[in-house]
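If you're wondering where the values come from, they're calculated on a predicted model, not measured in any experiment.
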Amino acid sequence: MSEIETLCSRIVKLFPAVFASIDKPVNPDGHWWLDLRFGDKYTSIEWIPGKGFGLCTCSDPDEHGFGTGPDIIVDLEVALQHAINLFSS
């Protein structure tokens with residue numbers, strides 16, 4: 001299981017009603033995406049194998065333009081806490 005699949009599994013265990021979708025890259029070394037929706041809250045987490053998880057730090061997804069890349073790169077535990085904080089607020 002990849003790190004992003006592990007992250008997804010842990011989030012779904014904590015929030016069983018979350019809608020989760022993983023987009024796998026064509027190239028095995030490419031970037032993966034985890035889209036999560038819980039009620040009216042949404043986040044997309046990028047996973048870059050060998051580097052970590054990319055997060056957007058803006059509160060409004062419309063502020064972050066398509067193709068701009070993540071604001072910060074974090075490890076699995078920080079990415080998990082990001083989702084917990086968002087979906088618990």
Side-chain angles (χ1 to χ4, degrees):
M1 182 181 292
S2 70
E3 285 187 76
I4 200 161
E5 290 166 323
T6 299
L7 175 63
C8 182
S9 175
R10 290 178 67 184
I11 292 169
V12 170
K13 281 183 183 176
L14 292 169
F15 301 94
V18 75
F19 170 79
S21 173
I22 294 178
D23 293 325
K24 296 179 182 181
V26 174
N27 175 349
D29 296 326
H31 297 208
W32 296 53
W33 293 93
L34 172 58
D35 295 323
L36 301 163
R37 185 173 302 281
F38 186 69
D40 63 347
K41 297 174 182 167
Y42 170 82
T43 192
S44 185
I45 300 172
E46 179 180 7
W47 178 52
I48 308 160
K51 291 189 178 180
F53 295 88
L55 303 177
C56 172
T57 57
C58 58
S59 59
D60 181 356
D62 292 332
E63 291 177 19
H64 200 74
F66 177 77
T68 59
D71 294 322
I72 58 173
I73 304 292
V74 299
D75 65 18
L76 189 146
E77 294 303 320
V78 174
L80 176 62
Q81 194 60 52
H82 165 77
I84 291 170
N85 292 345
L86 176 66
F87 296 148
S88 296
S89 63

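- Contact detail for G30 and P49: the closest heavy-atom pair is O-CD, 3.3 Å.
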Quiz item: Which is it for D71 and L55 under the side chain to side chain contact (heavy atoms under 4.5 Å, CB included) test, yes or no, and what are the steps along the way?
Solution: CA-CA 6 Å; D71 294 322; L55 303 177; over 6 Å; no

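- A pairwise comparison of heavy atoms in I45 and A79 identifies CD1-O, 4.2 Å as the closest pair.
- Legend: residues meeting side-chain hydrogen bond (donor to acceptor under 3.5 Å, both in side chains) with D23, ordered by chain and number and at least two apart, are absent.
- Pairs passing the salt bridge (charged side-chain N to carboxylate O under 4.0 Å, His left out) check and including a residue from residues 80-89, sequence neighbours excluded, do not occur.
- Put simply, I84 and F19 are part of two different groups of oily side chains (I, L, V, M, F, W, Y) that touch within less than 4.5 Å, one to the next.
- Residue pairs meeting the salt bridge (charged side-chain N to carboxylate O under 4.0 Å, His left out) criterion with at least one partner in residues 25-40, sequence neighbours excluded, do not occur; the list is empty.
- With sequence neighbours excluded, the residues satisfying side chain to side chain contact (heavy atoms under 4.5 Å, CB included) with V78 are V74, D75.
- Cluster membership check: L86 shares its hydrophobic cluster with L7, using side-chain heavy-atom separations under 4.5 Å among Ile, Leu, Val, Met, Phe, Trp and Tyr.
- Residues F15 and L36 fail the side-chain proximity criterion, which asks for heavy atoms closer than 4.5 Å.
- Residues that satisfy the side-chain hydrogen bond (donor to acceptor under 3.5 Å, both in side chains) test with E77, not counting sequence neighbours, are R10.
- Here the closest heavy-atom approach between residue I11 and residue A83 is recorded as CD1-CB, 3.7 Å.
- Taking Ile, Leu, Val, Met, Phe, Trp and Tyr as hydrophobic and joining them when side-chain heavy atoms fall under 4.5 Å apart, one finds V26 isolated, its cluster having no other members.
- In terms of the side-chain hydrogen bond (donor to acceptor under 3.5 Å, both in side chains) criterion, residue partners of N85 (sequence neighbours excluded) are, by chain and number, Q81.
- With sequence neighbours excluded, the residues that form a side chain to side chain contact (heavy atoms under 4.5 Å, CB included) with P25 are W32.
- Not counting sequence neighbours, the partners of S2 by the side-chain hydrogen bond (donor to acceptor under 3.5 Å, both in side chains) test are E5.
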Self-check item: Candidate pair T43 and F87, rule side chain to side chain contact (heavy atoms under 4.5 Å, CB included), full reasoning
Solution: CA-CA 10 Å; T43 192; F87 296 148; 4.3 Å; yes

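- The two residues E3 and L76 make their nearest non-hydrogen contact at O-CD1, 3.6 Å.
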